[in-house]
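Worksheet for the structure shown next.
The basis for the numbers below is simple: all heavy atoms, side chains too, and nothing from hydrogens, waters or symmetry mates.
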Amino acid sequence: MSEPKVISVEGLSSSEAKWVKLKKCTYRDPTGKEALFYARNPCRVSYRRFLAVAILALLRSESNKFPPSTIIIEQYRPPVDRHVVGLISEGESPEQTAIRELEEETGFKASGVVQSSPLLVSDPGMTNANMKLVTVDVPFPENLEMPAQKLDPGEFIQVRIVELAKLRAELQAYERKGFVIDAKLDHLASGFELAEKLRQPKSST
């Protein structure tokens, strides 16, 4: 299988756009003055509807055979031409989507939802695209087992299991290899690393 790469880039008219459209927004600023702003918006969503879910899977052994871990994926993304979670189907809740997408893309089956975030926006200065972060529980009686993925045709996703305590080091290794890190994953790693530092007792001087 060959290495994916962008081979051409060209402009796209609004009539051809399937997923994203460029919008000109007129708004009133705090002084009452009208101003223009340009945004890149998904075609099928308003900011009040959930468009996507990001899934934080907590893998754990009920008999402590392996340390708490999570799943990260490697997937080529054409907009950044590098290797860097799914649309909500009609009638599905974000939580149902998270459990379904986790099994389809990684093969892992969640036993339930630990928590679900409020509506989140990642780049509100550019787009009204939004998401929810859904944390799911994936317990194992003993050892970790790698299930088979259930990918759709045309999907190419590499699954990696990483110990939560080593997530920051893993992402740094990816960066050295030329990968681009998804902001949501880096924020998670930063938060976990900071929480661990704050838990450590301060040394007396």
Side-chain angles (χ1 to χ4, degrees), residues 4 6 12 14 16-23 25 37-59 69-138 147 149-162 164 167 170-171 174 179-192:
V6 172
L12 181 69
S14 294
E16 295 179 286
K18 182 178 180 182
W19 300 108
V20 177
K21 289 186 181 295
L22 187 64
K23 300 289 184 69
C25 308
F37 196 86
Y38 299 92
R40 185 183 66 248
N41 293 344
C43 296
R44 298 186 300 162
V45 70
S46 73
Y47 76 92
R48 295 181 178 87
R49 288 187 58 205
F50 295 109
L51 175 66
V53 291
I55 307 164
L56 169 58
L58 300 178
L59 278 58
S69 303
T70 191
I71 303 168
I72 61 176
I73 62 173
E74 301 172 11
Q75 187 175 21
Y76 175 77
R77 294 300 194 184
V80 294
D81 196 20
R82 300 263 189 105
H83 280 84
V84 176
V85 158
L87 292 176
I88 292 181
S89 300
E90 199 66 34
E92 264 190 331
S93 70
E95 294 74 21
Q96 290 170 325
T97 298
I99 291 174
R100 174 181 58 77
E101 286 286 339
L102 178 68
E103 184 173 1
E104 290 178 1
E105 296 193 355
T106 72
F108 287 94
K109 294 183 179 181
S111 64
V113 174
V114 177
Q115 63 182 25
S116 185
S117 76
L119 175 120
L120 305 172
V121 290
S122 299
D123 193 4
M126 285 294 295
T127 175
N128 68 349
N130 60 62
M131 54 159 282
K132 291 192 77 171
L133 173 62
V134 180
T135 304
V136 297
D137 186 31
V138 186
Q149 295 169 274
K150 302 176 181 179
L151 299 175
D152 293 329
E155 282 189 311
F156 305 96
I157 298 175
Q158 194 74 26
V159 175
R160 288 279 315 281
I161 306 302
V162 179
L164 283 170
L167 183 56
E170 286 287 340
L171 297 187
Y174 268 113
F179 283 74
V180 174
I181 309 301
D182 186 287
K184 297 180 289 295
L185 182 57
D186 189 78
H187 295 165
L188 169 66
S190 297
F192 188 85

>> Determine whether Glu155 and Glu104 satisfy the following criterion, side chain to side chain contact (heavy atoms under 4.5 Å, CB included), listing intermediate values before the conclusion.
In response: CA-CA 11 Å; Glu155 282 189 311; Glu104 290 178 1; 5.9 Å; no

>> Test side chain to side chain contact (heavy atoms under 4.5 Å, CB included) on Phe108 and Ile55; report intermediate values, then the result.
In response: CA-CA 12 Å; Phe108 287 94; Ile55 307 164; over 6 Å; no

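Summarising the geometry of Val53 relative to Val134, their closest heavy-atom pair is CG1-CG2, 4.3 Å, with the distance given to 0.1 Å. For the pair Val114 and Val136, the tightest heavy-atom approach, listed with the atom from each and the gap, is CG2-C, 4.0 Å. Scanning all heavy atoms of the two residues, the minimum distance from Val162 to Leu167 falls at CG1-CA, 3.9 Å. Listed here is the closest heavy atom pair of Leu56 and Thr70: CD1-OG1, 3.5 Å. Smallest separation of non-hydrogen atoms from Ile161 and Ser69: CG2-CB, 3.9 Å. Summarising the geometry of Val113 relative to Ile99, their closest heavy-atom pair is CG2-CD1, 4.1 Å, with the distance given to 0.1 Å.
The structure places NZ of Lys109 at 11.5 Å from CG of Leu102, a figure rounded to the nearest 0.5 Å. If you take NE2 on His187 and CD1 on Ile181, they are separated by 12.0 Å, rounding to the nearest 0.5 Å. The distance from atom CG of Leu151 to atom CZ of Phe156, rounded to the nearest 0.5 Å, is 9.0 Å. For the atom pair CD1 (Ile71) and OG1 (Thr106), the distance works out to 4.0 Å, reported to the nearest 0.5 Å. With rounding to the nearest 0.5 Å, the separation of CG in Asp182 from CZ in Arg77 is 8.5 Å. Going from atom CG of Asp123 over to atom CG of Asn130 covers 12.5 Å, rounded to the nearest 0.5 Å.
Inter-residue side-chain proximity for Glu170 and Arg160 is flagged as met; some heavy-atom pair is nearer than 4.5 Å.
Using modelled atom types, one side-chain atom of Lys132 and one backbone atom of Ser117 make a donor-acceptor pair closer than 3.5 Å. Of the possible donor and acceptor atoms, one in the side chain of Gln149 sits under 3.5 Å from a partner among the backbone N and O of Glu105. No donor-acceptor pair closer than 3.5 Å links the side chain of Ser111 to the backbone N or O of Val138.
None of Val180, Ile72, Leu185 except one satisfies the side-chain contact (heavy atoms from CB on, under 4.5 Å) rule with Tyr174; the exception is Ile72.
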